[in-house]
Protein chains: 2
Amino acid sequence: MMNYENILREHNLKATNQRVGILSIMEQKGHISIEDLYSKIKLDFPSISLATLYKNMHAMLKNELLTEIKVENSKTHFEIASNNHAHLYCEKCRELVDLDIEFKKLNNEILKDSGFLLNKTNLTFSGICIACQGV
Amino acid sequence: MMNYENILREHNLKATNQRVGILSIMEQKGHISIEDLYSKIKLDFPSISLATLYKNMHAMLKNELLTEIKVENSKTHFEIASNNHAHLYCEKCRELVDLDIEFKKLNNEILKDSGFLLNKTNLTFSGICIACQGV
DNA sequence: TTATAAAGGAAAAAAATTATCCTTAACGAA
DNA sequence: TTCGTTAAGGATAATTTTTTTCCTTTATAA
């Protein structure tokens, strides 16, 4: 388990108990929606306000401690920021899975073709995972 | 300009004037948010209800006449379905641009690595477009 | 034509997100 | 440690976005 107090401070954010709680749930879960996060964090902080949760998510997104994942037909999910990677989304069980991919080649191609100054590559594959194919 | 009456019927949807209006705006615009689409379609159908717009977007998404594009820090956009392609999103002018990419190699790799039964590849690059780099 | 099933529109309801305002807590400086 | 400042928390209301309901109107096939 990571030391979220320090990570928060390194990102110029006060290390509040609520934020540490949010981050440790996120570490456990990998990817999570606001809705699920709220019901989980309320177990540790019964009085936490949904507004607080939203404010924290925005603050942590802005300071690049979190990343937002948007997938078709699914609620926005969040994850702790790390190396840029792809996601696999199962349309059946609605689970998100990380997938490490080498973006360099792809990004260079885009840069060459479009002249875009690339900031982030967002790659999500939707389909049916192995487990759900059997069912 | 395409014949939207027929396209709608081919997708098992009634060809209403409102739907044809929506589709012709979408053809013009390429990518559009509900908000922008609503203000445009109201010029042609002043009494159209926002609920009608949402209901139509859902119906057309479900019947695969439209596609949804979700990008970080941006509202959901819609486009008329066509060959699977990538998108470039400029964080400055907030414009979306199509980018034709060959997904076969990428998709085969994913299939091999994950066993996923792929349905759709969603690829969006965020950054600054050439025009906005100069500013 | 005409029957019927689907779509439109108005309004309300629900869900998601953001703002306001006062209280509380984090944290650097003394 | 204590204290002062500033940011964060929490309750609530307000917005914004999306969905539902219910009745009227329209598209389409017989």
Side-chain angles (χ1 to χ4, degrees), chain A residues 3-26 32-63 65-66 68-78 94, chain B residues 3-26 32-63 65-66 68-78 94:
Chain A
N3 181 337
Y4 291 117
E5 278 87 356
N6 287 341
I7 294 177
L8 282 161
R9 292 189 190 108
E10 282 161 16
H11 286 82
N12 300 311
L13 293 165
K14 283 191 183 176
T16 67
N17 294 328
Q18 289 86 341
R19 284 178 179 166
V20 172
I22 288 169
L23 289 171
S24 53
I25 291 169
M26 293 188 69
I32 197 163
S33 67
I34 288 276
E35 196 185 12
D36 290 351
L37 185 50
Y38 188 52
S39 65
K40 287 259 177 300
I41 192 72
K42 270 201 296 192
L43 301 176
D44 297 328
F45 299 88
S47 73
I48 197 171
S49 164
L50 190 51
T52 297
L53 184 53
Y54 274 104
K55 282 186 277 191
N56 279 331
M57 299 311 272
H58 284 146
M60 294 192 283
L61 278 172
K62 193 179 161 205
N63 293 21
L65 181 39
L66 299 184
E68 200 181 17
I69 313 164
K70 291 192 165 187
V71 184
E72 285 178 59
N73 300 315
S74 170
K75 293 189 180 167
T76 297
H77 283 63
F78 299 86
R94 311 196 136 242
Chain B
N3 181 338
Y4 291 117
E5 278 88 356
N6 287 342
I7 294 178
L8 282 161
R9 291 187 191 112
E10 282 161 16
H11 286 82
N12 300 310
L13 292 165
K14 282 191 181 175
T16 67
N17 295 328
Q18 290 86 339
R19 285 178 179 165
V20 171
I22 289 169
L23 289 171
S24 53
I25 290 169
M26 294 188 69
I32 198 163
S33 66
I34 288 276
E35 197 187 11
D36 290 351
L37 184 50
Y38 187 51
S39 65
K40 287 259 178 301
I41 191 73
K42 269 200 298 193
L43 301 177
D44 297 327
F45 299 88
S47 73
I48 196 171
S49 164
L50 190 50
T52 297
L53 183 53
Y54 273 105
K55 284 186 277 191
N56 279 332
M57 298 311 272
H58 285 147
M60 293 192 281
L61 278 173
K62 192 179 161 206
N63 292 22
L65 180 40
L66 299 184
E68 200 181 16
I69 313 165
K70 290 191 166 189
V71 183
E72 287 179 56
N73 301 314
S74 170
K75 294 191 179 164
T76 298
H77 283 65
F78 299 86
R94 310 194 138 244

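Numbers restart at 1 for each chain; the letters A, B, ... are given by sequence-line order, proteins then strands.
Out of C/dA7, C/dG9, D/dA8, the shortest distance to the side chain of B/Thr16 is found at C/dA7. If you check D/dG10, C/dG9, D/dA8 against the side chain of A/Leu13, the one that comes closest is D/dA8. With C/dG9, C/dC27, D/dA8 as the choices, the nucleotide that has an atom nearest any side-chain atom of A/Arg19 turns out to be D/dA8.
Side-chain contact between B/Ile7 and B/Leu13: absent, with no pair of heavy atoms (C-beta onward) separated by less than 4.5 Å. Contact of the B/Ile34 side chain with the B/Tyr54 side chain is registered, since non-hydrogen atoms from C-beta on lie closer than 4.5 Å. Side-chain contact between B/Leu23 and B/Leu66 is present, with heavy atoms from C-beta onward closer than 4.5 Å. Between A/Asn73 and B/Leu61 there is no side-chain heavy-atom pair separated by less than 4.5 Å.
Taking atom CG of residue B/Asn12 and atom P of nucleotide D/dA29, one finds them 11 Å apart after rounding to whole Å. Separating the NZ atom of B/Lys55 from the P atom of C/dA13 is a distance of 16 Å, rounded to the nearest angstrom. A straight line from CG of B/Leu8 to C1' of D/dT28 spans 14 Å, rounded to a whole angstrom. Atom CG in A/Leu53 sits about 15 Å away from atom P in D/dA8, given to the nearest Å. A/Ile48 places its CD1 atom 14 Å from the C1' atom of C/dT24, with the value rounded to the nearest Å. Note: CD (B/Glu10) to P (D/dT28) measures 13 Å, nearest angstrom. Here the C1' atom of nucleotide C/dG9 and the CD1 atom of B/Ile41 are 14 Å apart, to the nearest Å. Atom pair B/Glu5:CD and D/dT26:P shows a separation of 17 Å (rounding to whole Å applied).
Contact check, A/Gln18 against C/dA25: no side-chain N or O comes under 4.0 Å of OP1 or OP2. OP1 or OP2 of C/dG9 sits under 4.0 Å from a side-chain N or O of B/Thr52. Of the side-chain N and O atoms in B/Asn17, none sit less than 4.0 angstrom from OP1 or OP2 of D/dT26. OP1 or OP2 of C/dA26 has not a single side-chain nitrogen or oxygen of A/Arg9 nearer than 4.0 Å.
In this structure, B/Asn56 contributes its side chain and B/Arg19 its backbone to no donor-acceptor pair below 3.5 Å. Side-chain N or O atoms of B/Asn3 include one that pairs as donor or acceptor with a backbone N or O of B/Glu5 at under 3.5 Å. Here the side chain of A/Lys70 pairs a donor or acceptor atom with the backbone of B/Ser74 at under 3.5 angstrom.
A distance of 9.5 Å separates CD1 in A/Ile41 from CD1 in A/Ile32, rounded to the nearest 0.5 Å. Atom-to-atom distance recorded for B/Thr76:OG1 and B/Met57:CE is 10.5 Å, nearest 0.5 angstrom.
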Any protein N or O atoms within reach of nucleotides 1-6 of chain D? Criterion: under 3.5 Å, listing atom names and distances.
from	atom 1	to	atom 2	distance (Å)
D/dT6	O2	A/Lys14	NZ	3.1

Strictly under 3.5 Å: I want the nitrogen or oxygen pairs between protein and nucleotides 16-19 of chain D, one per line.
from	atom 1	to	atom 2	distance (Å)
D/dT17	OP1	B/Lys75	NZ	3.1
D/dT18	OP2	B/Tyr54	OH	2.2
D/dT18	O5'	B/Tyr54	OH	3.3
D/dT19	OP2	B/His58	ND1	3.4
D/dT19	OP2	B/His58	NE2	3.0

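Nearest approach of B/Tyr38 to B/Ile48, heavy atoms of both residues: OH-O, 3.4 Å.
Residue A/Ala15 is classed as a sugar-phosphate contact, given heavy-atom separations below 4.0 Å to backbone atoms only.
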